[in-house]
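I have placed the structure first, in the form of structure tokens, so that the comments after it can refer back to it.
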2 protein chains.
Amino acid sequence: MIVIGSVLYVGTKYGSELAHSYTSELARVPMPELPDIVVLARSMQEALRNQRIVGVAVNQPKCLNLPVAKFSRSVSGLGFRHIKQRGKWVLAEMDKDWTLAFNQGMGGEVQLHKPDEVPDPKRERVVFRLDDQSQIWVHHWWYGHVHLVEPGKLGAHPQIGKLGAEPLAEDFTVERLGEMLAGRRGRIKSYLLDQKFIAGIGNVYVQDILWHARLHPLRKTNTLNASDVARLHKGIRHVLGEGIRWGGGPGEQDVWGNKGRYAEHLQVGYRTGKPCPACGTLIEELRVGSTTSYICPKCQIAP
Amino acid sequence: MIVIGSVLYVGTKYGSELAHSYTSELARVPMPELPDIVVLARSMQEALRNQRIVGVAVNQPKCLNLPVAKFSRSVSGLGFRHIKQRGKWVLAEMDKDWTLAFNQGMGGEVQLHKPDEVPDPKRERVVFRLDDQSQIWVHHWWYGHVHLVEPGKLGAHPQIGKLGAEPLAEDFTVERLGEMLAGRRGRIKSYLLDQKFIAGIGNVYVQDILWHARLHPLRKTNTLNASDVARLHKGIRHVLGEGIRWGGGPGEQDVWGNKGRYAEHLQVGYRTGKPCPACGTLIEELRVGSTTSYICPKCQIAP
DNA sequence: GCATCAAACAAAGA
DNA sequence: CTCTTTGTTTGATG
């Protein structure tokens, strides 16, 4: 155990030692959030644009929203037009305005593979064959989805249709965040994790967002003043931006298998017992509902 | 305090002494349930059939579902056709297929008054004048409603439209009850009180229903076997029938002010410390969620 | 550990 | 429990 004393630490000085312990424990089950999905969607856009699906193998029918036969028939022949992120979903706009929607649930991979590679049907839930004979292998660690959505039906999708604000969109202003929070009385952490309010934040990035905003996860939403909301807004945009900048979180990969490096830049998340980058106080772990929180007890005062 | 020992008591021997303590404590805030509403609706049918509303005074606009002006304009001139009970609501089918719906919330009165009587506007929420110049005074102790529903819109009413099964209807069979309970995992008392499953049961009659079925209020719904369900079905029909037979519960009145006498026939409800009518064991009180339960600890074994 | 939904449960408000 | 709304907890889901 590292004893820190009262020395003041700043920046990301302790990033590398954190990265090691974090990735060794959690890399097996990466749980993709908005930045990871942005990185994946961008790589898919680069790799799959102008490609066409010529065949599909479904090894886990439960991850579909349609019967296998209908899914296969409908998706075959469709070309990829544009691929983007929405909340924790990758949305691929296909020919004829269909949407192929990927949700990695509690973790998984969407990987491009060469024509001659042979997928393990026990591991790969869905395999798409493209017209240049390359393949997309979709693997889910746990509870992922590959949904094919009819033209114009995205708003009626049981999950996608209920997603809240995109936190990196231009219209997600500090004023709007303030209005959204007004009158609510729950915990700020629960609010940030609720996809119907703000879409894309999960239990990894929320830690650093709250730390940047100097907010304790148990703070009640209706106790936030204008300054709190301003710091929160800045924290959301900054931390999610950093996640994208570093290619996504620990264990996440783009479609070619390039690994994210945000683990090296985590401030408090998953750094129990290590020093706060701002003040050196040892980071503590606490339970908030069913999730774990990581906080600096000095920077994030309990309510 | 009465000490009972091991003597066996049966029937409703102790009804009268219970009736006194019960009515003295609770009569001020009666909370009407299905039997009380049946009795009220029958008396209204008798008293109001073929009468016509010629005027209305609204002293508490919040109990309406429409602005006062629109409510008054729409209801004036309508004649009563048929009046019936649905859950804890009195539904009066009016001319032109409009429905005038009364909900007494946590208690109240719908009373017929002579032409020359003068209502206290502070007490009577709504007063209807009929074409024979007699009056209907609607009083609410707390949170009652007088709603006017357009033809064909009853199913879209935010409360009435969501009501569950009518427990005295012919199609409420033991088989249906079994199907309704299948797969649920909550407490049987919570289930019985939830209006979206079965409509009309409240915290008075539910006590005797569970006692008749020999079920503890904390029993999990999914632990009931066929015999439990059969006793429960019988208990529901029997107890609600008794409530009607005795003219409704304590503090309830029909439209002429005749008082209900079911208080004298309560088996365990609100009889803490008195003997169980079946075995003589002293009745106990316990909290189930936010409500109070009254049980015989010998007849209704804890789960 | 935590994604998401549904049900159950609790508190507050009208 | 009178009923709704909100939020929290728990259980189930490949």
Side-chain angles (χ1 to χ4, degrees), chain A residues 22 25-33 58-64 87-89 103-108 122-123 125 140-145 158-160 162-163 183-187 189-191 193-197 199-204 206 218 220-222 251 269-270 272 285 287-294, chain B residues 29-33 37 60 62-63 87-89 103-108 140-145 157-160 162-163 183-187 189-206 220-222 287-293:
Chain A
Y22 180 78
E25 287 173 18
L26 286 188
R28 288 160 296 162
V29 185
M31 286 152 287
E33 306 178 23
V58 177
N59 300 316
Q60 178 47 272
K62 294 200 175 187
C63 70
L64 304 182
K88 297 176 185 176
W89 290 77
N103 183 296
Q104 299 300 90
M106 293 193 69
K122 287 230 166 54
R123 178 188 150 91
R125 310 300 210 209
H140 296 144
W141 292 100
W142 227 7
Y143 302 131
H145 300 284
Q159 279 129 283
I160 301 167
K162 290 173 190 145
L163 292 175
R184 308 238 140 233
R185 48 190 166 83
R187 299 163 179 166
K189 186 187 176 186
S190 306
Y191 186 91
L193 291 178
D194 193 326
Q195 304 300 302
K196 73 170 173 286
F197 300 130
I201 301 174
N203 202 46
V204 172
V206 75
L218 292 178
K220 290 296 164 76
T221 311
N222 54 13
Y270 301 88
T272 313
E285 206 174 305
R287 300 283 297 176
V288 174
S290 64
T291 69
T292 304
S293 276
Y294 303 85
Chain B
V29 185
M31 287 156 287
E33 306 178 24
I37 298 300
Q60 177 48 273
K62 289 194 177 189
C63 70
K88 298 176 185 175
W89 290 77
N103 182 295
Q104 298 300 89
M106 293 194 70
H140 297 146
W141 292 100
W142 229 6
Y143 304 128
H145 300 285
H157 187 279
Q159 282 132 17
I160 301 167
K162 290 174 191 144
L163 292 176
R184 308 236 142 234
R185 49 188 166 83
R187 300 161 178 167
K189 184 184 179 189
S190 306
Y191 186 92
L192 293 173
L193 291 176
D194 193 325
Q195 304 300 300
K196 74 172 172 285
F197 299 131
I198 302 172
I201 301 174
N203 203 44
V204 173
Y205 294 97
V206 74
K220 290 297 164 81
T221 310
N222 53 14
R287 299 284 295 178
V288 175
S290 63
T291 70
T292 303
S293 276

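Just so it is clear: chains get the letters A, B, ... in the order the sequence lines come, proteins before strands, and each one is counted from 1.
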Listed nucleotide nearest any side-chain atom of A/E33, set C/dA3, D/dG7, D/dC1: C/dA3

Nearest-nucleotide pick for A/T291, side chain only, options being D/dT2, D/dC1, C/dC2: C/dC2

Could you tell me the separation between the [atom1] atom of [X] and the [atom2] atom of [N], rounded to a whole number of Å?
X	N	atom1	atom2	result
A/K88	C/dC5	NZ	P	10 Å
B/R184	D/dA12	CZ	P	14 Å
A/H145	C/dT4	NE2	P	9 Å
B/I37	D/dC3	CD1	P	10 Å
A/W89	C/dC5	CH2	C1'	12 Å
A/D194	C/dA6	CG	C1'	14 Å
B/Q195	D/dT5	CD	C1'	17 Å
B/K196	D/dT2	NZ	C1'	14 Å

Between B/R287 and B/T292, a side-chain donor and acceptor under 3.5 Å: yes

Counterpart base for C/dC5, defined by Watson-Crick or G-U wobble contacts under 3.5 Å: D/dG11

Donor/acceptor link under 3.5 angstrom from A/R125 side chain onto base of D/dG14: yes

Side-chain donor/acceptor contact of A/Y143 with base of C/dA3 under 3.5 Å: no

Quick one: label [X] by what it contacts on the DNA or RNA (base, sugar-phosphate, nothing), any heavy atom closer than 4.0 Å.
X	value
A/G144	base
B/Q159	sugar-phosphate
A/H140	base

Would you say [X] places a side-chain N or O within less than 4.0 Å of OP1 or OP2 belonging to [N]?
X	N	answer
A/Y191	D/dT8	no
B/N103	D/dC3	yes
A/R187	D/dT9	yes
B/R185	D/dG11	no

Considering all heavy atoms, the nearest B/V288-B/S293 contact: CG2-OG, 3.4 Å

Derivation and outcome, side chain to side chain contact (heavy atoms under 4.5 Å, CB included), residues B/M31 and B/V204: CA-CA 8 Å; B/M31 287 156 287; B/V204 173; 5.7 Å; no

Nearest-0.5 Å distance, CG of residue A/N203 to OH of residue A/Y294: 7.5 Å

Polar side-chain atom of A/Q195 near backbone of A/I201 as donor-acceptor pair, under 3.5 Å: yes

Aromatic plane relationship, B/W89 with B/H157 - under 30° parallel, 30 to 60° tilted, over 60° perpendicular: perpendicular

Upstream residue (5' side of DNA chain C) when A/L193 and B/S290 are each assigned their closest nucleotide: A/L193

Given DNA chain C, 5'-ward residue of the pair A/P158 and B/V288, judged by closest heavy atom: A/P158

